[in-house]
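Scope of the values below: all heavy atoms of this structure, side chains included, with no hydrogens, waters or symmetry mates. We name chains A, B, ... by the order of the sequence lines, and we start the count at 1 in each one.
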Amino acid sequence: MASSTPPPHCTLTTTKPYNSHHFHQQSLQNNHHHHQHRHNQPNWTSQKVSLNRPSQAPTARNAAKPHHLPSGPTAAPAPLSRNPNFHSLSTLPPSKSELAADFSGRRSTRFVSKMHFGRPKTAAASRHSLAAEEALQQAIRCSGDDRCIDTVLVKFESRLSGSDDYIFLLRELGNRGEWSMAIRCFEFAVDRERRRNEQGKLASSMISILGRLGKVDLAKKVFETAVNGGYGNTVYAYSALISAYAKSGFCYEAIRLFESMKVSGLKPNLVTYNALIDACGKGGADFGRASEIFDDMLRSGVQPDRITYNSLLAVCSGAGLWETARNLFSEMLYKGIDQDIYTYNTLLDVACNGGHIDMAFEIMSNMPAKNVLPNEVTYSTMIRGCAKAGRLDRALSLFNEMKYAGIKLDRISYNTLLAIYASLGRFEEALNVAKEMESMGIRKDVVTYNALLDGFGKQGMYDKVNEHFREMKREKLSPNLLTYSTLISVYSKGGLYKEAMEVYREFKQEGLKADVVFYSKLIDALCKKGLVESSAVLLDEMTKKGIRPNVVTYNSIINAFGQSAAVDNEPQIESSHLIVLEDATEMKLEDHEEDRVIKIFKQLAANKSRCAKEESRGGEEIICVLEVFQKMHKLDIKPNVVTFSAILNACSRCSSFEEASLLLEELRLFDNQVYGVAHGLLMGHRENVWVQALSLFDEVKQMDSSTASAFYNALTDMLWHFGQKRGAQLVVLEGKRRHVWENTWSDSCLDLHLMSSGAARAMVHAWLLNIRSIVFEGHELPKLLSILTGWGKHSKVVGDGALKRAIEALLISIGSPFRISKCNIGRFTSTGSVVAAWLRESGTLKVLVLQDDRTQTESPRFDHIPKLQPLLL
DNA sequence: ATAGGGTTAG
């Protein structure tokens, strides 16, 4: 057990993990004065009670606790007119957690993917000569031959006039990705230029061109050369390099450079500040960091402009700060700063990322009145938001709207549309999108194929997967890391370990390098097959290879606990009879022999029948998971809400309190508050822990909606599972009050489709009691009453109807008149009069009021409680 | 100097 490990700092955050850069710098932020007075909320950790355990020593987490908005998440931002003195961002809420920065990185592919398909810069009035155009044409033909470009430069030397011509050449070469020729051209030009001023111009152009191409190391070299040569110490060169860092997501390098710029006596200008804030957004810095820069800007007398605010909004997008974004938007209005399409698109992005789809639609509908017309970026942002929120119908209708509005679909829009169809298994439509796309002159790219492969794979259509993988190569598209990890995961989930192994071999042969996500995805695939122990081996393997697992990796494994019985009933397809033969030939490939991934695949391919059940036999799984927790502590991986939900869900899968108590102990080590609430409610100490519970729910409500509801679901399920039904109902009603499930509870309809089975059952009781009181108050019920469960489309398991079955069993067991609707298998209905009659029956109240299976116990310690059978329906 | 896309947990 990890009980000797001090509780690591943890945070209620789900923002993406990022394990790359220097986040230690963020600690500076805590000392910043703004972060003192921005928060007037009491620190809830100080209210912690000791819940049967000695209270923990204060930790850094307690000292640097995130603070929250005094207003609820749905409250409107404070009217700015009441605060005429604001001059900085001090009216804005802080980042939701200073620790969140650890996790709030963005995908690195984002930077690369923009490189080649970037919108071409609108040609500004260029002052280059005709000779420069000519030189460019000849230079282009030199691609790949450095001596050739030298010859061209020499040949045109006399006709090229000054840095304008050379800068034109640099830019054009850069636009074509010819960075090597651009650099030769730059060096050539600097050599022949005697004016420092002009040399400086060349240098900053070169730096920004390299930055745009993602060649940040080269950009830095050019910068250093320029500084050493005496022409690089300019605001422009610094700004260009800061911007280059921004484009590659290196925000702390950017900040460091900015500091050194000030040290060397240069005064940052508007562009410098804007580039730096942009770097914060792209590098996933927390909002506090950007806010400091903004304040610094004001102190230095540099007035922020539209782009400053747009960049700040982008920081909110990365950090998931919807309220902050709204406030910034209001602040722009107040200050009379123009809001453009970037402003709106970024704001919509933040709204969508936070799950505020309705709000996003409202904002979008207001755009035309503000003279800002939605464009293809607006639409693809919204479409992605809808798709992410599970509203695929809405997403698809937006495409029609887009065509109706005369907005042409571009590569991204097409790929987004295709990915939606593919993920729905609507392949005919997906392939039609691909056709339409090609007919518009946009070739299918790796993204297109990855979406298809993933879609076919999810439906188990492995022949189609193979076919498209071949087609992709035939079209000379190189599979990338994502392609391979998708394929390996798809094959593994299908139990096709030999195929997975072959793809893995090919992936290694291509010289690609696995990363955290690659391993995490593979681990998750094996977990989904119930192979927790193999996953644990891979966890060690990746660590040995120097790839640091992140919270997602661990959450996958925790989630797998107790799920092995649920899988592995699908028939295995093809390919098993060849294994022995293949194994013999593979023994010769020593270089592969050392690879644990291959070993695991080989083993799995050889013993398909073994698999999950055997691997998890006899309590080994719990030991394995506890060891995983221990490693998590050792590597100081901070848990997040998903971890907490995963632990609670794992508890619900325990058949004994003893096992669950081992897991709850892990929860305690991670977060005393969450533990205190879960444990307290489980013990039936509702009155005592409710204050803590409420502040915990305040925290959770900061998360995006699906994360928040998952936590409520997990907590309720755990309580329900161990017979604390009234506690479960209390939690569910609190969740409803806070609109966690964004569904409606009306007199005529109860929508349960986003709830777990425990939560849904507790909710059914509450709703029926509510309906009952309507009846007893003498009011009439609506003609038709319905209870919606959906068909499990929100479940990760395709076609899983566990919720429906649980509700059906409940409705029958309480003798209710609700029956499955004929036209909708996810809906139970009854008429108002029949339900009213049933509710008036004498025995009904008794079955509706929930009873705990066990009343509040005398014993304060969890493990003294006698073992209970897991609750059956 | 600014906006949207494809991998990981729920």
Side-chain angles (χ1 to χ4, degrees), chain A residues 14 16-17 107 109-110 113-114 117 119 208 239-240 242-243 246-247 269-279 281-282 305-314 317 340-349 352 375-385 387 410-419 422 445-454 480-486 488-489 515-525 527-528 549-560 640-646 649 703 706-711 713-714 756 794-796:
Chain A
T14 62
K16 295 145 226 147
R107 301 256 80 93
T109 49
R110 157 186 200 113
S113 63
K114 285 229 152 162
F117 308 119
R119 279 174 287 284
S208 86
S239 301
I242 287 171
S243 170
K247 290 195 172 83
N269 62 21
L270 180 63
V271 174
T272 321
Y273 279 108
N274 286 351
L276 192 59
I277 293 172
D278 180 42
K282 296 221 169 69
D305 68 350
R306 174 172 46 86
I307 293 173
T308 318
Y309 275 92
N310 289 348
S311 299
L312 278 169
L313 283 171
S317 169
D340 62 5
I341 186 71
Y342 289 79
T343 317
Y344 275 96
N345 287 345
T346 312
L347 185 70
L348 290 175
D349 191 49
C352 288
N375 63 9
E376 69 282 4
V377 177
T378 319
Y379 275 95
S380 56
T381 303
M382 293 296 294
I383 287 160
R384 191 171 151 264
D410 62 1
R411 169 182 301 281
I412 293 177
S413 319
Y414 276 118
N415 277 337
T416 306
L417 178 58
L418 182 141
D445 61 9
V446 192
V447 178
T448 320
Y449 275 102
N450 287 350
L452 286 170
L453 295 173
D454 193 49
N480 61 16
L481 186 59
L482 269 74
T483 318
Y484 285 112
S485 76
T486 299
I488 293 168
S489 160
D515 64 358
V516 215
V517 178
F518 182 94
Y519 269 102
S520 301
K521 210 171 158 177
L522 174 54
I523 284 174
D524 184 60
C527 282
K528 291 279 184 316
N550 60 33
V551 68
V552 178
T553 325
Y554 287 97
N555 287 347
S556 274
I557 303 181
I558 299 167
N559 273 312
N640 59 24
V641 209
V642 181
T643 318
F644 304 148
S645 302
N649 280 324
M703 314 283 108
S706 68
T707 302
S709 60
F711 180 79
N713 283 336
S756 63
H794 287 269
S795 162
K796 295 268 170 184

Requested in this report: May I ask you to say what A:Ser413 touches in the nucleic acid, namely base, sugar-phosphate or nothing, with a heavy-atom cut-off under 4.0 Å?
Outcome: base

Query raised in the report: Does the base of B:dA3 carry an N or O that pairs as donor and acceptor with the side chain of A:Asn375 under 3.5 Å?
Result: yes

Requested in this report: Please work out if A:Thr486 contacts a base, only the sugar-phosphate, or nothing of the nucleic acid, heavy-atom cut-off 4.0 Å.
Outcome: nothing

Query raised in the report: In whole angstroms, how far is the C1' atom of B:dA9 from the CZ atom of A:Phe711?
Result: 16 Å

Requested in this report: Find the distance A:Lys282:NZ to B:dT2:C1' and express it as a whole number of Å.
Outcome: 7 Å

Query - Closest to the A:Asn649 side chain, choosing from B:dT8, B:dT2, B:dG10 - result: B:dG10

Query raised in the report: Does any N or O donor sit under 3.5 Å from an N or O acceptor when you compare the side chain of A:Asn640 with the base of B:dA9?
Result: yes

Query raised in the report: Among B:dG4, B:dT2, B:dG10, which is the nearest nucleotide to the side chain of A:Arg384?
Result: B:dG4

**Report entry** Nucleotide of B:dT2, B:dG4, B:dA1 approaching A:Val271 most closely (side-chain heavy atoms)
**Finding:** B:dA1

Report task. Indicate, yes or no, whether a donor-acceptor pair under 3.5 Å links the base of B:dT8 to the side chain of A:Ser520. Result -> yes

Query - Polar contact flag, side-chain donor to acceptor under 3.5 angstrom, A:Lys521-A:Ser556 - result: no

Requested in this report: Supply the atom-to-atom distance A:Leu313 CG to A:Ile307 CD1, rounded to the nearest 0.5 angstrom.
Outcome: 12.5 Å

Query raised in the report: Does a nitrogen or oxygen in the side chain of A:Lys521 sit under 4.0 Å from OP1 or OP2 of B:dG6?
Result: no

Requested in this report: I would like to know whether A:Asp349 and A:Thr346 meet side chain to side chain donor-acceptor pair (under 3.5 Å); could you show each step before the answer?
Outcome: CA-CA 5 Å; A:Asp349 191 49; A:Thr346 312; over 6 Å; no

**Report entry** Distance below 4.0 Å between A:Arg411 side-chain N/O and B:dG6 OP1 or OP2
**Finding:** no

Query raised in the report: To the nearest Å, how far apart are A:Ile412 CD1 and B:dG6 C1'?
Result: 10 Å

Query raised in the report: Between B:dG6, B:dA1, B:dA9, which nucleotide gets closest to the side-chain atoms of A:Lys528?
Result: B:dA9

**Report entry** Gap between atoms CG and P, on A:Asn450 and B:dT8 respectively (whole Å)
**Finding:** 11 Å

**Report entry** No-hydrogen, no-angle side-chain donor-acceptor test under 3.5 Å, A:Asp524 and A:Asn559
**Finding:** no

**Report entry** Any donor-acceptor N/O pair, A:Ser243 side chain to A:Ser239 backbone, under 3.5 Å
**Finding:** no

Query raised in the report: Starting at CG of A:Leu270 and ending at P of B:dA1, how long is that distance when rounded to a whole Å?
Result: 11 Å

Query raised in the report: So which nucleotide from B:dG4, B:dT7, B:dT2 ends up closest to the side chain of A:Val517?
Result: B:dT7

Report summary line: Side-chain atoms of A:Asp305 come closest, of B:dA1, B:dT2, B:dT7, to B:dA1

Report summary line: Taken to the nearest whole Å, CG/A:Leu482 to C1'/B:dG6 is 6 Å

**Report entry** Exam field: side chain A:Asn649 to backbone A:Ser645, donor-acceptor pair closer than 3.5 Å
**Finding:** yes

Query raised in the report: Looking across every strand, which nucleic acid part, if any, lies under 4.0 Å from A:Asn269 by heavy atom: base, sugar-phosphate, or nothing?
Result: nothing

Report task. State which of B:dA1, B:dG6, B:dG4 makes the closest approach to the side chain of A:Ile307. Result -> B:dA1

Requested in this report: Please evaluate the base of B:dG10 for a donor-acceptor partner in the side chain of A:Ser706 within a cut-off of under 3.5 Å?
Outcome: no

Report summary line: Taking B:dA1, B:dG10, B:dT7 as options, the one with an atom nearest any side-chain atom of A:Ser485 is B:dT7

Report task. Test for a donor-acceptor pair under 3.5 Å between the base of B:dG4 and the side chain of A:Ser380, counting only N and O atoms. Result -> yes

Report task. Answer yes or no: is there a side-chain heavy-atom contact under 4.5 Å between A:Val552 and A:Val516? Result -> no

Query - Nearest-neighbour nucleotide for the A:Val642 side chain, B:dA3, B:dG6, B:dA9 considered - result: B:dA9

Requested in this report: Figure out the CG/P separation between A:Asp515 and B:dT7, and round it to whole Å.
Outcome: 14 Å

Report task. Pick base, sugar-phosphate or nothing for A:Ser645, based on heavy-atom distances below 4.0 Å to the nucleic acid. Result -> nothing

Requested in this report: Check the distance between B:dG4's P and A:Tyr342's OH and give it to me in whole angstrom.
Outcome: 10 Å

Report summary line: Of the candidates B:dG6, B:dG10, B:dT2, the side chain of A:Arg306 sits closest to B:dT2

